[in-house]
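First up is the structure itself, then whatever we jot down about it.
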Amino acid sequence: MSEETVSLNFIEKIIEEDLKAKKNNGAVITRFPPEPNGYLHIGHAKSICLNFGLAEKYNGCCHLRFDDTNPEKEDIEYIDSIREDIQWLGFDWGTNEFFASDYFNKLYEFAEKLIMDGKAYVDGLSPEEIRKYRGTLTEPGKESPGRNRSIEENLDLFRRMKAGEFEDGKYLLRAKIDMSSPNLNMRDPALYRIRRVTHHRTGDRWCIYPMYDFTHPLSDAIEGITHSVCTLEFEDHRPLYNWMVENTGPGHRPQQIEFARLNLTYTVMSKRKLLKLVESGIVSGWDDPRMPTISGFRRRGYTPESIRDFAGRIGVAKANSTVDIALLEHCLRDDLNKRAKRVMAVLDPLKVVIDNYPEGKVEYLEAENNPEDETMGNRKIPFSRELYIEREDFMENPPKKYFRLSPGNEIRLKHAYYVTCTGVVKDETGTVVEVHCTYDPDSKGGWTEDGRKVRGTSHWVSASHAFEGEVRLYSHLFSTEVPGEKTGDFFDDIAEDSLTILKGCMLEPSLKEAEPGEFFQFLRKGYFCVDSRDSSKGKPVFNRSVAMRDTWAKLQKKG
RNA sequence: UGGCCUAUUGUGUAAUUGGUAGCACAGCGGAUUCUGGUUCCGUCAGUGAGGGUUCAAGUCCUUCUAGGCCAGCCA
């Protein structure tokens, strides 16, 4: 065969160039720097897979660094969830777990150095004044009066800021760069603010906290990060990033590289929007199976393998784009098809009575657990005179190309027998409540020697052996590809039917012992997992992770 | 009449750096199938627009168009 040509994404190209040029002595050190102020979502998963993947590929390492410089928004509770999500995805940062707050002392020293070099000053302007002085996108800013303070006075003021002599917001440490720069980030950006807020790690030790633009590049430099990969909105910050590293840093020069964040159809992705969904009660929490959070996908039944596969397939580039969520669903099906145990579950039961099958008789029939993987073995399932099949698998007056059960038609009951419909029983409203059939004893196992053609195959459960259970059907949270595109408010596009709770489902006996986190293919219906929150011993609740592809439904839609 | 960035089939991404525009998802058609699943085969469709350089341009130059980001003491 032809040798496969591996194409590199633009970041890999940069890294390989660097490697060739012996930059950083051949080291590749990346980092994933979440702020502990919320839960991780699939967009973060893209970044995690990228950063850890790069480290893996180039024999480097990837640091986990909590970017915890804003105690007002951050909380220790998020730290554990972030760790858990990254681990669950299958990545290991070993001992390389850091906190920006661990660098507060060093950062403070860097700030003093900047002051002593005449490259930072303490400003007493109010927030409103600062905004005015900054200028606009088209007009340059004005220099603050505080800009010309002496080094001695700046140092004194800054030390007193640290010592807590001033009220919150009274002073600000600013970099002295260029108030007329067309890049607003360079117009003397804030470095330190006064905030008397208890920090989740440093407690009340500090009343001044460093800003992102100061902290991030220097944290990267301190840790020896070689390639600092972030999203596109930080492109404008890159000159500032470099300024910090060149004027302040410990010598090491990390390189910031920006890529486009992930957008998914039928989904919102920003923390702000996800928080609103949680707060409004539209979803049950951050791990609601409809949420695009990593914990939501986990509870929904997505596997880490499928998410990593997805991250690999969507690629990395600089153009803003929206990935079709069908690709994610494909990745899940692809993974689960090979791994999920097949079982039979009737979600919307319709009773079937096999008139010529002996009353009281029970047979245990052999069923394969996964046709894609023989090593998963077989199991026995009970068959008897009274069964349930899916209500949609029977029609009294079927349309063309309907291969399922209908009067006079013969179908196969998976792993069991051929049955032919002989009649129906209706209630007073005309609804079919019972279907009567005869079976062919020679078709045991679902096969006959005579080569008879049976187009339809239904799943079923034995009425007296099945147990009743709850199944939750999930679909997209939003009804439009880009929620809020028309009205500007994503709440306008929330789908009403994103969750359907089915109570009277009839499940095959083996499912009784299913444990939280286990996943199955409910034959012909989809992939389901045991809900980790609402299941109890012997009473599993199932979440539909993703439905099977359904060409019959597609045919019907077309009419 | 601010700066930075981006543009390849419906979607997402490749193209040996100037040399046959490929892959995946979605769609459509068919074959196989004890899941209307899987698998297999086929098929549709693209370089935002206009100029220019060149034997040759997705790639270089130029003009335009469209989109994204930036005026927090958030990250």
Side-chain angles (χ1 to χ4, degrees), chain A residues 5 7-9 33-35 37 67-70 72-74 123 125-127 130-132 134-141 168-174 181-187 189-195 208-209 211-213 215-216 230-239 258 260 262 265 271 313-331 333-334 337-338 342 344 367-368 371-372 401-404 412-416 418 443 445-447 454-459 481 521-527 547-556:
Chain A
T5 49
S7 64
L8 306 174
N9 66 49
E35 183 187 14
N37 70 343
D67 216 338
D68 56 348
T69 57
N70 185 3
E72 285 176 295
K73 288 187 181 169
E74 293 151 9
D123 198 353
L125 252 34
S126 70
I130 291 210
R131 194 174 350 106
K132 277 184 198 141
R134 185 154 33 226
T136 69
L137 293 176
T138 51
E139 301 156 25
D168 286 11
K170 172 84 178 166
Y171 285 109
L172 193 63
L173 183 71
R174 292 229 257 169
S181 170
N183 181 345
L184 304 223
N185 294 118
M186 301 300 271
R187 319 242 262 230
L191 265 26
Y192 267 92
R193 74 280 214 189
I194 305 174
R195 280 286 176 287
I208 55 173
Y209 290 98
M211 304 289 293
Y212 168 87
D213 282 315
T215 309
H216 202 88
C230 64
T231 43
L232 250 30
E233 68 270 26
F234 292 104
E235 260 174 332
D236 289 343
H237 295 243
R238 195 185 335 127
E258 311 87 11
L262 171 66
T265 55
K271 276 186 192 174
R313 291 194 199 215
I314 58 176
V316 180
K318 293 197 73 163
N320 288 308
S321 62
T322 302
V323 176
D324 190 343
I325 197 164
L327 179 59
L328 215 209
E329 294 171 343
H330 167 82
C331 291
R333 289 194 190 99
D334 193 44
N337 176 50
K338 288 173 270 180
R342 272 59 169 171
M344 296 203 281
E368 61 191 351
E372 308 290 322
K401 290 195 182 172
Y402 184 83
F403 307 138
R404 282 113 101 142
R412 170 189 298 110
L413 294 177
K414 181 82 177 172
H415 303 308
Y418 292 176
S443 62
W447 188 249
V454 177
R455 286 290 316 251
T457 299
S458 280
H459 59 284
E481 287 199 8
Q521 183 193 104
F522 286 3
L523 223 59
R524 305 203 303 133
K525 298 308 294 181
Y527 295 96
M548 303 296 271
R549 282 186 63 198
D550 192 346
T551 53
W552 169 240
K554 220 178 276 173
L555 262 177
Q556 280 176 305

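It should be emphasised that the depicted structure is a prediction, and the values quoted were computed from it without experimental measurement. Residue numbers start from 1 in every chain, and the chains themselves are labelled A, B, ... in the order their sequence lines are given, proteins ahead of strands.
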Under-4.0 Å side-chain N/O to phosphate OP1/OP2 contact, [X] with [N]:
| X | N | result |
| --- | --- | --- |
| A:Arg342 | B:U38 | no |
| A:Arg549 | B:G36 | no |
| A:Lys271 | B:C74 | no |
| A:His459 | B:U35 | no |
| A:Arg134 | B:C73 | yes |

Whole angstrom value for the distance that separates [atom2] of [N] from [atom1] of [X]:
| X | N | atom1 | atom2 | result |
| --- | --- | --- | --- | --- |
| A:Asp550 | B:A26 | CG | P | 14 Å |
| A:Arg238 | B:C69 | CZ | P | 18 Å |
| A:Asn183 | B:G3 | CG | C1' | 7 Å |
| A:Glu72 | B:G72 | CD | P | 16 Å |
| A:Asn37 | B:G72 | CG | P | 19 Å |
| A:Lys338 | B:U39 | NZ | C1' | 13 Å |
| A:Asp334 | B:A26 | CG | P | 10 Å |
| A:Asp213 | B:A71 | CG | P | 11 Å |

Is there a donor N/O on one and an acceptor N/O on the other, under 3.5 Å, for the side chain of [X] and the base of [N]?
| X | N | result |
| --- | --- | --- |
| A:Arg455 | B:G36 | no |
| A:Asp236 | B:G3 | yes |
| A:Arg313 | B:U13 | no |
| A:Glu481 | B:G10 | no |
| A:Gln521 | B:U35 | yes |

Any non-hydrogen side-chain atom of [X] less than 4.5 Å from a side-chain atom of [Y]?
| X | Y | value |
| --- | --- | --- |
| A:Asn70 | A:Arg193 | yes |
| A:Tyr418 | A:Trp447 | yes |
| A:His330 | A:Arg549 | no |
| A:Tyr402 | A:Trp552 | yes |

[X] side chain: which of [options] is closest?
| X | options | value |
| --- | --- | --- |
| A:Thr69 | B:G12, B:A75, B:U38 | B:A75 |
| A:Arg404 | B:G36, B:C74, B:G37 | B:G36 |
| A:Arg193 | B:A26, B:A75, B:G12 | B:A75 |
| A:Ser321 | B:G12, B:U38, B:C69 | B:G12 |
| A:Glu235 | B:G3, B:C73, B:C5 | B:C5 |
| A:Thr457 | B:G36, B:A14, B:G37 | B:G36 |
| A:Ser7 | B:A14, B:U35, B:C73 | B:A14 |
| A:Asp324 | B:G37, B:U11, B:U6 | B:U11 |
| A:Asn337 | B:U38, B:C74, B:C70 | B:U38 |
| A:Met548 | B:A71, B:A14, B:U35 | B:U35 |

Scan [X] against the nucleic acid and name what it touches under 4.0 Å (heavy atoms): base, sugar-phosphate only, or nothing.
| X | result |
| --- | --- |
| A:Lys318 | sugar-phosphate |
| A:His415 | base |
| A:Val316 | sugar-phosphate |
| A:Tyr418 | nothing |
| A:Thr322 | sugar-phosphate |
| A:Glu372 | base |

When the [atom1] atoms of [N] and [M] are considered, how many whole Å apart are they?
| N | M | atom1 | result |
| --- | --- | --- | --- |
| B:G50 | B:G46 | P | 15 Å |
| B:U47 | B:U6 | C1' | 15 Å |
| B:U20 | B:A57 | P | 12 Å |
| B:C44 | B:U32 | C1' | 23 Å |
| B:A49 | B:U59 | P | 11 Å |
| B:G22 | B:G30 | C1' | 24 Å |
| B:C28 | B:G19 | C1' | 34 Å |
| B:U13 | B:U8 | P | 8 Å |

Syn/anti state for B:G29 [syn: chi within 90° of 0]: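 Classified anti.
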
Chi-based syn or anti call at B:U13, which uses purine or pyrimidine torsion atoms and a 90° bound: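 Here B:U13 takes the anti form, which means its glycosidic angle is more than 90° from 0.
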
Does [N] pair with anything, Watson-Crick or G-U wobble, both distances under 3.5 Å, and if so, with which nucleotide?
| N | answer |
| --- | --- |
| B:U53 | none |
| B:A71 | none |
| B:A7 | B:U65 |
| B:G29 | B:C41 |
| B:G22 | B:U13 |
| B:G46 | none |

Under 5.5 Å and under 30°: A:Trp552 stacked on B:G36: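 Given the distance and angle limits, yes, they stack.
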
Quick one: does any side-chain atom of [X] pair with a main-chain N or O of [Y] as donor and acceptor, under 3.5 Å?
| X | Y | value |
| --- | --- | --- |
| A:Thr231 | A:Glu233 | no |
| A:Arg524 | A:Thr457 | yes |
| A:Asp324 | A:Thr265 | no |

CZ-CG distance between A:Arg313 and A:Leu328, expressed to the nearest 0.5 angstrom: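 It comes to 10.5 Å.
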
Salt-bridge present (A:Lys318, A:Glu235; N to O < 4.0 Å):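 A salt bridge links A:Lys318 with A:Glu235.
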
Among A:Lys73, A:Glu74, A:Glu35, side chain to side chain contact (heavy atoms under 4.5 Å, CB included) partner for A:Asp68: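 It is A:Glu74, the one option of A:Lys73, A:Glu74, A:Glu35 that forms the side chain to side chain contact (heavy atoms under 4.5 Å, CB included) with A:Asp68.
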
